[in-house]
Amino acid sequence: MLDDLEIPARVVMRGWKPSGSGALLIGWPYSAIYVAATRLVAAGIPYVVDVGDPWWLTEAFDSPRLSRRLSALRASAAETFLWRHAAAGVVTTETQAGNLRELFPDLELLVRPNGYLVADEPRVQGAPSDAGADEGELRLVHFGSINSARVPVGEWLSTLPGAAGIRRVRFANYGPVSRPDLLQTGHPAVALEVHHPVDWGRACQIARTCDAAVVVANANPAKLPSKAIQYLTLPVPRIALTVSRGRGELAAFAERRPGFIAVGLDSPEDIPRIVHHLGRAWSDEELSPGAGDAWSEVAHEVVRFAIQSWDRAHGTTRQQEERVATA
């Protein structure tokens with residue numbers, strides 16, 4: 001199989017006869033949008049592909065789902081079909097756009113990370129309190145999963161105690177941890193907490209009791225963690241923990257967004273920068289996300305791009321038909 005959704009996708013779309021001026025294909029894994037693309041091509045309907053992570057052609061390493069050679073060949077052929085027939089594409093990083101342009105030079109691409117949604121903080125009793133917090137303790141929080149795609153957080157946490165004003169570090173993770181070894185640290189001044197995931201309103205409430213929120217990068221620096229945008233709505237400064245200082249899509253993202261500082265796993269010279277970043281007084285206005293990154297604005301931008309791409313495709317088709325008629 002291409003992936004776990006291929007058979008269900010083929011069953012659901014069996015007999016589907018699409019109609020309309022154009023289509024916007026959004027999804028992961030790829031099999032469902034590939035199957036949809038084959039139906040759209042047969043119907044002569046232009047489509048735009050909107051995806052985040054790479055699938056096969058531009059992936060830097062083998063995916064476990066596609067370890068068998070036959071699956072790899074099928075996936076490569078399917079993705080080639082998907083992009084070759086697309087009127088345009090929407091991707092989240094410049095790296096992915098560059099890789100696709102090398103393979104499909106005529107493909108129009110919009111580079112646009114996902115948007116954020118503002119969540120209301122709960123106004124109920126039982127909110128976390130920072131009463132009794134140690135002045136020398138650095139309190140960090142991460143909302144999301146710690147899995148094999150992430151960089152090792154524990155090693156970095158071990159470098160923080162002993163820096164100016166930091167005697168202890170407390171790191172709280174709200175989300176599933178399938179790779180606990182990535183959190184392991186032998187430093188006695190680092191305390192780790194693992195909690196169940198929470199909704200984003202509660203996450204904002206919890207963040208108020210911490211000094212900073214940490215976005216943990218993917219081990220593949222070409223990928224942008226999907227939750228990085230949502231971190232813009234947290235009411236505290238943000239630390240982008242990257243593979244190496246100044247490298248990767250997360251670092252590039254953080255440098256252009258308010259309240260963020262990008263630091264590297266292997267960059268001890270970044271620690272004074274962290275202390276300075278967190279030591280200053282941040283106003284709510286400084287931490288507020290830009291309106292252009294809201295999901296409503298992102299959706300409008302993507303839809304406008306899709307409509308323009310459909311119109312361009314229809315125009316090209318008309319020109320081709322006119323040439324055939326006059327030949």
Side-chain angles (χ1 to χ4, degrees), residues 1-114 147-149 218-220 222-226 249 302-303 305-310 312-314 316-317 320:
M1 292 192 299
L2 294 174
D3 55 51
D4 293 342
L5 290 186
E6 181 183 4
I7 293 178
R10 291 189 181 280
V11 171
V12 169
M13 283 184 266
R14 183 175 52 196
W16 176 49
K17 297 180 180 179
S19 61
S21 299
L24 178 60
L25 301 181
I26 306 175
W28 178 263
Y30 272 65
S31 61
I33 58 176
Y34 160 67
V35 174
T38 62
R39 305 294 193 274
L40 292 165
V41 169
I45 299 174
Y47 63 85
V48 173
V49 179
D50 183 347
V51 294
D53 292 334
W55 183 21
W56 181 255
L57 296 178
T58 59
E59 181 56 279
F61 51 86
D62 291 350
S63 167
R65 294 177 181 233
L66 302 172
S67 57
R68 292 179 301 176
R69 180 170 177 78
L70 179 58
S71 295
L73 292 174
R74 291 190 66 233
S76 179
E79 187 177 3
T80 298
F81 179 95
L82 183 71
W83 290 117
R84 182 167 291 162
H85 291 87
V90 182
V91 294
T92 57
T93 68
E94 291 289 350
T95 300
Q96 176 68 345
N99 291 338
L100 284 173
R101 288 187 183 112
E102 289 183 4
L103 297 171
F104 309 97
D106 297 329
L107 181 65
E108 293 285 337
L109 290 172
L110 170 66
V111 181
R112 194 64 178 88
N114 296 332
N147 53 41
S148 58
N218 290 335
N220 180 355
K223 294 183 178 181
L224 177 67
S226 59
E249 290 292 344
V302 171
V303 169
F305 177 77
I307 293 173
Q308 292 169 358
S309 301
W310 300 337
R312 187 169 55 250
H314 284 300
T316 300
T317 300
Q320 292 172 341

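Side chains included, hydrogens not; waters and symmetry mates left out as well; all remaining heavy atoms used.
Counting all heavy atoms, side chain and backbone alike, Leu82 lies closest to Ala37 at CD1-CB, 3.6 Å. Shortest non-hydrogen contact noted between Trp56 and Ala72 is CZ2-CB, 3.2 Å. Across all their heavy atoms, Ala9 and Ala32 have their closest contact at CB-CA, 3.8 Å. Of all heavy-atom pairs spanning Ala86 and Val49, the tightest one is CB-CG2, 4.0 Å.
Under the side-chain contact (heavy atoms from CB on, under 4.5 Å) criterion, Ala43 pairs with Pro18, Ile45, sequence neighbours left out. With sequence neighbours excluded, no residue forms a side chain to side chain donor-acceptor pair (under 3.5 Å) with Asn99. Looking at residues two or more places apart in sequence or on another chain, you find a ring pair (Phe, Tyr, Trp, His ring centres under 6.0 Å) between Trp28 and Tyr30.
No side-chain heavy atom of Arg101 sits less than 4.5 Å from a side-chain heavy atom of Glu108. A heavy-atom distance below 4.5 Å is found between the side chains of Trp16 and Leu40. Under the 4.5 Å side-chain criterion, counting only non-hydrogen atoms from C-beta, Ile33 is in contact with Val51. Under the 4.5 Å side-chain criterion, counting only non-hydrogen atoms from C-beta, Pro113 is in contact with Leu224. Under the 4.5 Å side-chain criterion, counting only non-hydrogen atoms from C-beta, Leu109 is not in contact with Phe104.
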Just do the side chain to side chain contact (heavy atoms under 4.5 Å, CB included) check on Leu25 and Val48 with the steps written out, would you? CA-CA 6 Å; Leu25 301 181; Val48 173; over 6 Å; no
Take Asp3 and Tyr34 through the test side chain to side chain contact (heavy atoms under 4.5 Å, CB included) and record every step on the way to the result. CA-CA 11 Å; Asp3 55 51; Tyr34 160 67; over 6 Å; no
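Among pairs with a residue in residues 73-83, those fulfilling side-chain hydrogen bond (donor to acceptor under 3.5 Å, both in side chains) read Glu6-Arg74, Glu79-Trp83, at least two apart in sequence or across chains. For residues 35-52, no residue pair satisfies the side-chain hydrogen bond (donor to acceptor under 3.5 Å, both in side chains) rule, not counting sequence neighbours.
For the pair His314 (side chain) and Ser21 (backbone), a donor-acceptor distance under 3.5 Å is present.
One distance of note links CG of Asp4 with OG of Ser31; it measures 8.5 Å at 0.5 Å rounding.
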Acceptor/donor pairs from residues 88-98 side chains to any protein atom, 3.5 angstrom cut, sequence neighbours excluded:
residue : atom : partner : partner atom : Å
Thr93   : OG1  : Gln96   : N            : 3.1
Thr95   : OG1  : Glu249  : OE2          : 2.5
Gln96   : OE1  : Thr58   : OG1          : 2.9
Gln96   : NE2  : Thr58   : OG1          : 3.4

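Residue Ile7 places its CD1 atom among 12 or fewer non-hydrogen atoms of other residues, nucleotides or ligands, all under 6.0 Å distant.
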